[in-house]
Amino acid sequence: MAAAAHSKIALVTGASSGFGLLFTVALARDGFTVVAAMRDLDRRTRLMEAAAQAGVTDRIDCHLLDVTQAAQIEETAAYITQRYGRLDLLVNNAGFAMAGFLEDVSVDELRRQFDTNFFGHVAVTKAFIPTMRAQRSGTIVMISSISGRTPFPGVGSYAASKFALEGWSESLRLELKSLGIHVVLIEPGAFETDIWTRNVTVNERTLSGASPNKERSDRFVKNVQEDTKKAEPTPVVNTLLKIAHSKNPRARYLVGKDAAMAVALRKLLPASTFENMIIKMSRIDR
């Protein structure tokens, strides 16, 4: 597939589902040529069905990329450079949530969480900085989470990976800004995407029933999957489009009423009051 004349080029990781799918179709509708990267090309069916409905299949280039595989990252960077000659927008979206109380999550499981959610983003970003440096332009968007600002019980591994991503991204922003390259964080609250279902991994100790937190975990999972109100994801997609066209995007974009409320309450309330509120809301207080 050749890029349309004067089309900007975007790369979206984790494009087969969730925000990645929505981002890819929205950017294509907005005139971008999008390299839709995913670790299993057999899972591109939903994306291409959505692209067909939007009439943008000719602007989407599906490409194999597991962000934990260095060889695939190197190949993707070479492919985009050779085929398109530039990259205007990098959306680091690939990720999953490791669910479970931290005493139950093994060190190896925590490493797997970081390999995708942190080191994968780092590796992909580093592969494309030379291209953006040469063209003296580009925007790198990290899909973080409210969990990167305010941690919650039951998803501490996920929160840790997002906290790490936020710190790395802020420093990188300072280093690249004078080169014409922008680094931006999007921090969504609870939105209706696959991260709550297909992209959740439960730690092995909890799955085996050996966890001393089984009852607390069951209550927490029920609260997240059934009782937590999740918003329709359009505001997150619109935020990405706004960033894609901004000449001077902010460092952070907090998206969702729940995310804004969590950050505000953490600032306003005494620490003990805020902690007790989160514990009670999460239903792990007994």
Side-chain angles (χ1 to χ4, degrees), residues 1-96 116 120-135 137-143 181-184 186 193-194 198-199 233 236-245:
M1 182 192 77
H6 309 299
S7 174
K8 288 188 174 183
I9 309 302
L11 168 63
V12 179
T13 66
S16 66
S17 64
F19 282 137
L21 185 155
L22 298 174
F23 291 153
T24 298
V25 174
L27 287 167
R29 290 181 65 179
D30 204 41
F32 280 81
T33 294
V34 187
V35 179
M38 59 197 75
R39 63 178 180 173
D40 182 358
L41 288 175
D42 290 338
R43 291 181 59 183
R44 67 183 180 270
T45 303
R46 288 174 58 201
L47 169 62
M48 297 315 293
E49 288 174 350
Q53 290 180 354
V56 294
T57 54
D58 60 327
R59 294 182 190 154
I60 295 176
D61 182 4
C62 292
H63 194 80
L64 179 67
L65 174 60
D66 181 336
V67 300
T68 68
Q69 300 299 313
Q72 290 185 22
I73 294 172
E74 182 178 348
E75 186 278 330
T76 300
Y79 172 80
I80 290 176
T81 301
Q82 292 168 10
R83 185 156 194 173
Y84 300 109
R86 62 182 297 108
L87 184 66
D88 300 286
L89 177 67
L90 168 59
V91 183
N92 282 302
N93 168 77
F96 73 98
T116 298
H121 289 6
V122 168
V124 172
T125 298
K126 287 174 67 65
F128 285 98
I129 288 175
T131 297
M132 291 185 172
R133 173 186 274 271
Q135 66 197 31
S137 67
T139 300
I140 300 165
V141 178
M142 306 292 193
I143 306 304
I181 304 169
H182 303 287
V183 180
V184 183
I186 296 180
T193 72
D194 289 349
R198 185 163 63 175
N199 290 342
V236 184
V237 177
N238 289 341
T239 298
L240 176 67
L241 294 178
K242 178 181 178 180
I243 293 166
H245 291 288

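Small disclaimer: the values here were computed from a predicted structure and weren't measured.
- Counting heavy atoms from C-beta on, the side chains of Leu27 and Leu240 come closer than 4.5 Å.
- Across every non-hydrogen atom of Ala94 and Thr13, the tightest pair is N-OG1, 2.9 Å.
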Arg29/Val25 under side-chain contact (heavy atoms from CB on, under 4.5 Å): CA gap, chis, key distance, verdict = CA-CA 6 Å; Arg29 290 181 65 179; Val25 174; 4.1 Å; yes

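- Judged as a salt bridge (Lys or Arg N to Asp or Glu O under 4.0 Å), and not counting sequence neighbours, the contacts of Arg86 are Asp88.
- Remark: side-chain polar atoms of Arg44 are paired, donor with acceptor, to backbone N or O of Leu41 under 3.5 angstrom.
- Expressed to the nearest 0.5 Å, how far NE2 of His245 lies from CG of Asp30 amounts to 3.5 Å.
- Of all heavy-atom pairs between Gly14 and Asn93, the closest is O-ND2, 3.1 Å.
- No donor-acceptor distance shorter than 3.5 angstrom exists from the side chain of Thr139 to the backbone of Leu89, with no hydrogens or angles considered.
- Just one residue in the list Ile143, Ile140, Val67 forms a side chain to side chain contact (heavy atoms under 4.5 Å, CB included) with Asn92, and that residue is Ile140.
- Once rounded to the nearest 0.5 Å, the distance linking CG of Asp40 with CG of Asp66 reads 10.0 Å.
- Interatomic distance, CG of Leu11 versus OG1 of Thr76, reported as 7.0 Å (0.5 Å rounding).
- Arg39 approaches Leu64 most closely through the heavy-atom pair O-CD1, 3.3 Å.
- Remark: the backbone N or O of Thr33 is paired with a side-chain donor or acceptor of Ser7 at under 3.5 angstrom.
- Across all their heavy atoms, Pro233 and Leu22 have their closest contact at CG-CD1, 3.5 Å.
- Counting only heavy atoms from C-beta outward, the side chains of Phe19 and Val12 never approach each other to under 4.5 Å.
- Contact between Ile60 and Ala28 at its shortest, heavy atoms only, is CG1-CB, 4.0 Å.
- At a threshold of 4.5 Å between non-hydrogen side-chain atoms, the residues Val141 and Phe23 do not count as touching.
- Summarising the local packing, CD of Glu74 is surrounded by 12 or fewer heavy atoms from other residues, nucleotides or ligands at distances under 6.0 Å.
- Leu87 and Ala10 make their closest contact through CD1-C, 3.8 Å (heavy atoms, listed as atom of the first residue, atom of the second, distance).
- Side-chain contact between Val35 and Tyr84 is present, with at least one heavy-atom pair separated by less than 4.5 Å.
- Between Met38 and Cys62 there is a side-chain heavy-atom pair separated by less than 4.5 Å.
- The aromatic rings of Tyr79 and His63 sit parallel, their planes meeting at an angle under 30°, below the 60° perpendicular limit.
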